[in-house]
Amino acid sequence: MRLFDLNEAQERAVRSIAGPLLILAGAGTGKTRVITSRVAFLIAQGFDPGCILALTFTNKAAGEMRERLARMVDKEDAKRVTMSTFHALCVRLLRQHIDKLGYKNNFSIYDDSEQTGLLKKIIVRTAAKDEKLDAQIAKAFISKAKNSGRAFAENEETLVAAVFNRYQRQLKSLNAVDFDDLLLLAVQLLKEHPEARAHWQKKYRQIMVDEFQDTNRLQLDLVSLLADGERNVCVVGDDDQSIYGWRGAEASNILDFERHFPNPAIVKLEQNYRSTNVILGAANKLIRNNPRRHPKNLWSAGGEGEKVRAVQMPDDREEAKFVVEEIQRRQTVEGVPWEEFAVLYRMNAQSRLLEENLRRLRIPYRLVGGKSFYDRREIKDFLAYAACLLNPDDDISLLRIIQATPRGIGESTLDRALEFSVRAKSSLFRALNEPAFLDALPSRTAGRIKDFMALLDAYETRAAAPLTVFSTVMTDLMLESGFLDDLKRSCATPEEALNRETNVKQMIESLSRYEQRGNGGLQGFLDEVSLDRSREEKEEPGAGVTLITLHAAKGLEFRHVALVGLEEGILPHDRSKLEGSLDEERRLFYVGITRAMRTLLLTYCRGRVKFGGAAPCHPSSFLKEIAGDFVEMVSYEKLMSAPVPQESVKSRFAQLRAAVAKM
DNA sequence: AATCGTCTGCTTTTT
DNA sequence: GCAGACGATT
């Protein structure tokens, strides 16, 4: 019996359901299909859907998987399978059991900017006059330590180590955790509390992990702890697509899989359903240069295809112009919709010239990445209000909402309150309610604090009441606190005011929808928001040409891909040489190449504007590595002298012939 | 206390 | 070339 229309290797992966399984899934080899089929197979084999756990890195991936599964099995069964990101799973674990670690179950989750803000404060308090420490550096240090399993610094000889320990103590007293803590504390919980461990081990009897090459030490620990019974662990990944080493991902997790889970079944998926053989040939040729990898050779039944073109351009302006015109040409000649084109680059700064050219030719495009809706001031304020209602000890959020609206509580008062709270070892909220503190203030100021505290207290009570409709509570709070009025007042233009107000209303509507959807309450809503910044951001069809970084393009595919700036110093990036991560840069290029379904265009410049001034450029050393039969090198001069339309007519012909040949 | 101006220093950023 | 940070100026 053939299963769900799978190839032989895919089917072997799906049918292997006892003990550890390593699926090495090259780019475009139908990895998601295998995972979802395997879940369906497990259910068909009698496994309770509730005992199946599938872990991903992004909410998008989890969502896609859920959708596909819903089409394959009974809807109710599909709903009972846990498909979640690592972080979301950890939140679930911790909301239930974090009290065992000395936090309260209503803990706040701090995002990047709140984390940085807190660190800045701690650095100011900790550093001596002549000492300097950048909050970003401290953050990186702390994140690295946590991701390798260290919850504190053993000795405080360096400033950054002292800051680390203070930061961690401070978070705990704020009843708050950062992103890394979610993993760290979940692991700690399972390690130190056998009854909690037993509970979760019993719940999840079949565990699958997507993008395993991107897991870090903590994520591996988490999986090991959860699976440490029946050891039914299936990991899927591609060591050649490991591009997040700089964020703590350990490619060794997949390379040395058998060390962590002895005697695994191993399945390699090498048949690619995405690209032409020319594109795969170039990709294979490139990646062979990496040491230490599971050897793989991607192939496709989809024919040879057009050669990869590598084009030299005089400078970055010409490059952007050429790439955009090339897209327009193909769109016109072949009638390919805009959304089947993508331009990939190493760093966001490279998007500017491309955007300019696309706008010039009135070509629709979407820029992936950039600042999020959730980074807007008014949205952060709104979320801080919500966080305060649930966790009054969250000083950072409380400070934020006190300062969001001028209410006669100034900086010096807050400084004194903070100082008081530190001495009394209590939270800011408690200090502001403390008669011993209030009595020492001018009566006007004390009165204002009392008023605000009374307001908050009333709303906290409302929020804690059973059957509360949080969207109503928040609407009232936004009005009564004066937040909305002040938001309008503080805007420079009426348009801006309207815009910001609309944003807040959108949040309230979104909360209201969330409440109608389920019973996660305000806490659940906040969790979802902090763990999924792209939620509700619909991918509207007809959005146009995609501009995207190589990192963000992983997991996506486009019919026609242009990869720009293939120069030494950009790809590979200069910094990678210092850090010894040339292999990772090569993988990044590999990821870029394998996004292309039909055509791939590579460009590099002889010179470009760098940091304001002109700088000479040299072709990326990776270009030499793929040079050969798959790649056609085109010089700018040749391009200008040979009329382009001829070329396109010829390739159109070749395509038609290939299409006919297939039929 | 706020705002303007100059100095600096440059990736990638799933959660 | 441009954003973000910090410091001097009103």
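Glycosidic conformation at B:dT12 (O4'-C1'-N9-C4 for purines, O4'-C1'-N1-C2 for pyrimidines): anti, more than 90° from 0.
Separation of the P atoms belonging to B:dT12 and C:dA5 is 16 Å when rounded to the nearest angstrom.
Aromatic ring orientation, A:Phe589 versus A:Phe622: parallel (interplanar angle below 30°, classes split at 30° and 60°).
Panel note: side chain A:Asp239, backbone A:Leu255; no donor-acceptor pair is recorded below 3.5 Å.
Separating the CG atom of A:Leu353 from the C1' atom of C:dC2 is a distance of 13 Å, rounded to the nearest angstrom. Rounded to an integer number of Å, the gap from CZ of A:Arg317 to C1' of C:dG1 is 13 Å.
Among the atoms of the strands shown, none is found under 4.0 Å from any heavy atom of A:Gln136. When heavy atoms are screened at a 4.0 angstrom cut-off, A:Gln115 is found touching no nucleic acid atom at all. Counting any heavy atom pair closer than 4.0 Å across all strands shown, A:Phe86 reaches no nucleic acid atom. Residue A:Asp214 is classed as a base contact, given a heavy-atom separation below 4.0 Å to a base.
For the atom pair CG of A:Asp486 and CD of A:Glu378, the computed distance is 12.5 Å after rounding to the nearest 0.5 Å. Distance check: A:Leu383 CG to A:Ser108 OG gives 11.0 Å after rounding to the nearest 0.5 Å.
Positionally, the nearest nucleotide of DNA chain B for A:Ile243 lies more toward the 5' end than for the other of A:Ile243 and A:Leu531.
The side-chain heavy atoms of A:Tyr204 and A:Leu89, taken from C-beta on, include a pair separated by under 4.5 Å.
When the options A:Glu585, A:His573, A:Glu567 are evaluated for a side-chain hydrogen bond (donor to acceptor under 3.5 Å, both in side chains) with A:Arg346, the one that passes is A:Glu585.
Protein chain A contacts DNA chain B from B:dC10 to B:dT15, reading 5' to 3' and using non-hydrogen atoms of the protein with a distance under 4.0 Å.
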